[in-house]
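Take a look at the structure below.
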Amino acid sequence: MKQALEFTITHRLNDTLARTGVIHTPHGDIETPAFIVGGTKATVKAITPEQVKEFGGQAVLANTYHLMLRPGAELVQRAGGLGVFMNWSGPTFTDSGGFQVFSLGVAYKKGIDAVAHTEKGDAAQAVKSTQQLVKITEKGAHFRSHLDGQKLLMTPESSMELQHAIGADIHMAFDECPAPLAPLSYLIEAVERTHAWAERCLARHNELNDEHTKQSESLQALYGVVQGARDEKLRKHSASFLGERDFDGYGIGGVFEPGEIPTVVKWVCETLPEHKPRHLLGMGSQPADLFLGVEYGVDTFDCVAPTRQARNGALYTRDGRINITNAKYRDDFTPIDECDCYACQHYTKAYINHLFKSDEILGATLASIHNERFVVRTVDEIRHSIKDGTFFTLKKQFLTRYYGDKLPSGVTLS
RNA sequence: GCUGAGGUAGUGAAGUGGUCAAACACGAUUGACUGUAAAUCAAUUGGCUCCGCCUUCGUAGGUUCGAAUCCUACCCUCAGCA
């Protein structure tokens, strides 16, 4: 059978897991490391696909759960698939909906942050609330739609069918993302379930790809998703189990602190087969995520924070994050940053401050373009630095300037 | 000039004898946001030597143990009539 996805590694950085490469998809190549732009509901919030292209976005990631509810996967299929529907001609990814088991379950109304960051959270309660709000069984996950409350069941098979209907180039296996604080016994159970689901995903995915072959349609790729929270044995077990299966690449799920990358991501990436691409799910809003992720073997990232934070007025600059609504920017007639994005080339902080204060939607657009450009450019710089061997110099300079003396815990500059 | 209504914190607006430094909304200030239930959410918003004290509800007096709330005078605003 024809490969659904080809991945070529072009450079490696000695003594690290970092590499550069190219992911070849039916809708074009992705030069890695790459930041994949969040387009959950088949739109990159507040900006057009042309603008995404202009700031250097190479691929977009949408979400199966959201599109299943609205407008429906079948409708996206009838529209001609995700790319045609949203007028994005480049490569596309879909997430499986597995993360919503977490965000609508354990993290429900508490914020993901509260669960991921609390040192001494109530682990038993974390599991309990999962079971109450999102019922997980071997069969799949029972959800309630956040739109109208209707009961839904998503199984590995149905997630594959939905993702094939939506028609992205790269799909994610349906996984369970447990709260990192859940007791080990539960984490083990969740990993085993994720593995069983992964095998079912792969089986159904291959059947669907066989049908594509018969119809002379291009094949779609499937990434297995590694779980295992912060546990070394579990992470390595998960990476090794999935690594032995014929996935086109791998997602790494459930990591929330940059300081965890040198341990968790490293365990995973040194275990996974080297010749397949690795995607760090849901991380990559701050430079530490990007530098450490790449250093420890990540090829692609996706993260909604650049656009979400942009809509809420938090903008990235080389000297750290700023809040554009701060009073001091009211009459600051300089651009957000030394930056080549559309917003920085044409507008001042004072103007964008005014847009936010006035609740004008152009503010969200300009801020989103800027934040996305910042992240995409940072990854581009990292990619080049691997090719010319200046990665560690760049890392030190970049992180020192961005964080000053407030480096996130667990992050080192060497 | 007459009649009526009214003057409460940055603004609008509750409150009409004690539980009022005064609801609520907006505004303002700050913070958070990482596989998007997020153009969302949270905190602060009279002063201070801040688990307590001081000064505030047009101004000045008064009644009362106690007043933003009752009385008197004055000032001002708005509406209608002259």
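Letters go in sequence order (proteins before strands), and every chain restarts at 1.
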> Is B/U72 paired to anything, Watson-Crick or G-U wobble with both distances less than 3.5 Å, and if yes, which nucleotide?
Replying inline: B/A60
> So which one's nearest nucleotide on RNA chain B is more toward 5', A/Gly282 or A/Lys357?
Replying inline: A/Lys357
> Hey, does the side-chain of A/Glu257 have a donor or acceptor N/O within less than 3.5 Å of a partner on the base of B/U34?
Replying inline: no
> A/His66 has a side chain; which of B/G35, B/G31, B/A37 sits nearest to it?
Replying inline: B/A37
>> When you measure only distances, ignoring hydrogens and angles, does the side chain of A/Asn63 come within 3.5 Å of the base of B/G35 through a donor and an acceptor?
In response: no
> Using the C1' atom in both, what is the distance from B/G10 to B/A28, to the nearest Å?
Replying inline: 8 Å
> Atom CG of A/Leu69 and atom P of B/A37: how far apart are they, to the nearest Å?
Replying inline: 11 Å
> When rounded to the nearest Å, what value does the distance between C1' atoms of B/A14 and B/G7 take?
Replying inline: 15 Å
>> Using whole Å, what does the distance between atom P of nucleotide B/G35 and atom CD of A/Glu260 come to?
In response: 14 Å
> According to a strict under-4.0 Å criterion, is A/Ser285 in side-chain N/O contact with OP1 or OP2 of B/U34?
Replying inline: no
>> Return the pairing partner of B/G80 with a 3.5 Å limit on both distances, Watson-Crick or G-U wobble; otherwise return none.
In response: B/C2
> Using a cut-off of 4.0 Å on non-hydrogen atoms, how would the nucleic acid contact of A/Asn326 be classed: base, sugar-phosphate, or nothing?
Replying inline: sugar-phosphate
>> How long is the straight-line distance from CD of A/Glu74 back to CD1 of A/Ile166, given to the nearest 0.5 Å?
In response: 11.5 Å
>> It should be established whether A/Arg311 places a side-chain nitrogen or oxygen under 4.0 Å from OP1 or OP2 of nucleotide B/U40.
In response: no
> Which whole number of Å gives the distance between the P atom of B/A9 and that of B/U3?
Replying inline: 29 Å
> Is the shortest side-chain N to carboxylate O distance from A/Glu274 to A/Arg12 below 4.0 Å?
Replying inline: yes
> Taking the six-membered ring for Trp, is the centroid-to-centroid distance between A/Phe99 and A/Tyr65 below 6.0 Å?
Replying inline: no
>> What's the closest nucleotide to the side chain of A/Ala314 if the choices are B/U34, B/C33, B/A38?
In response: B/C33
>> So, does A/Arg321 get its side chain near the phosphate of B/A32, meaning an N or O under 4.0 Å from OP1 or OP2?
In response: yes
>> Rounding to an integer number of angstrom, what distance separates B/G4 and B/A68 when you compare their P atoms?
In response: 27 Å
>> Would you measure the distance from the P atom in B/A22 across to the matching atom in B/U45 and give it in whole Å?
In response: 10 Å
> Considering Watson-Crick and G-U wobble pairs with both distances under 3.5 Å, what does B/U36 pair with?
Replying inline: none
> Checking all strands, does A/Ala327 fall into the base, sugar-phosphate, or nothing category for heavy-atom contacts under 4.0 angstrom?
Replying inline: sugar-phosphate
>> Can you tell me which nucleotide in B/C33, B/U34, B/U36 comes closest to the side chain of A/Gln309?
In response: B/C33
> Does A/Trp267 have A/Lys233 sitting over its ring (NZ/CZ under 6.0 Å from centre, angle to axis within 45°)?
Replying inline: no
>> Looking at B/U16, which nucleotide sits across from it as a Watson-Crick or G-U wobble partner, both distances under 3.5 angstrom, or is there none?
In response: none
> Should the pair A/Phe374 and A/His370 be assigned to parallel (<30°), tilted (30 to 60°) or perpendicular (>60°) ring geometry?
Replying inline: tilted
>> When the P atoms of B/U34 and B/U30 are compared, how many Å lie between them, rounded to an integer?
In response: 22 Å
> What is the pairing partner of B/G66, taking Watson-Crick or G-U wobble pairs with both distances under 3.5 Å in any strand?
Replying inline: none
>> Rounded to whole Å, how long is the line connecting atom CZ of A/Phe143 with atom P of B/U36?
In response: 12 Å
> Nearest to the side chain of A/Phe99 - B/U30, B/G35, B/U34?
Replying inline: B/G35
>> Would A/Arg245 and A/Phe241 count as a cation-pi pair here, with the cationic atom under 6.0 angstrom from the ring centre and within 45° of the axis?
In response: yes
>> Please verify the inter-ring angle class for A/His212 with A/His164; under 30° counts as parallel, over 60° as perpendicular, anything in between as tilted.
In response: parallel
>> Once you apply a heavy-atom cut-off of 4.0 Å, does A/Leu280 come out as touching a base, just sugar-phosphate, or nothing?
In response: nothing
> Contact class for A/Lys45 (heavy atom, under 4.0 Å): base, sugar-phosphate, or nothing?
Replying inline: base
>> Would you measure the distance from the C1' atom in B/U69 across to the matching atom in B/A21 and give it in whole Å?
In response: 16 Å
>> Checking contacts here: which listed nucleotide (B/A39, B/U30, B/G35) is nearest the side-chain heavy atoms of A/Asp302?
In response: B/G35
> Which one is paired to B/G27, where only Watson-Crick or G-U wobble pairs with both distances under 3.5 angstrom count?
Replying inline: B/U45
>> Give me the distance, rounded to whole Å, that separates B/G58 from B/C76 when you measure between the C1' atoms they each carry.
In response: 7 Å
> Would A/Asp340 and A/Arg373 pass as an ion pair if we require N to O under 4.0 Å?
Replying inline: yes
> Starting at the 5' end of RNA chain B and moving along, which residue's nearest nucleotide shows up first, A/Asp359 or A/Gln227?
Replying inline: A/Gln227
>> Taking atom types as they are modelled, would you say the side chain of A/Thr307 forms a donor-acceptor pair with the base of B/U36 within the 3.5 Å cutoff?
In response: yes
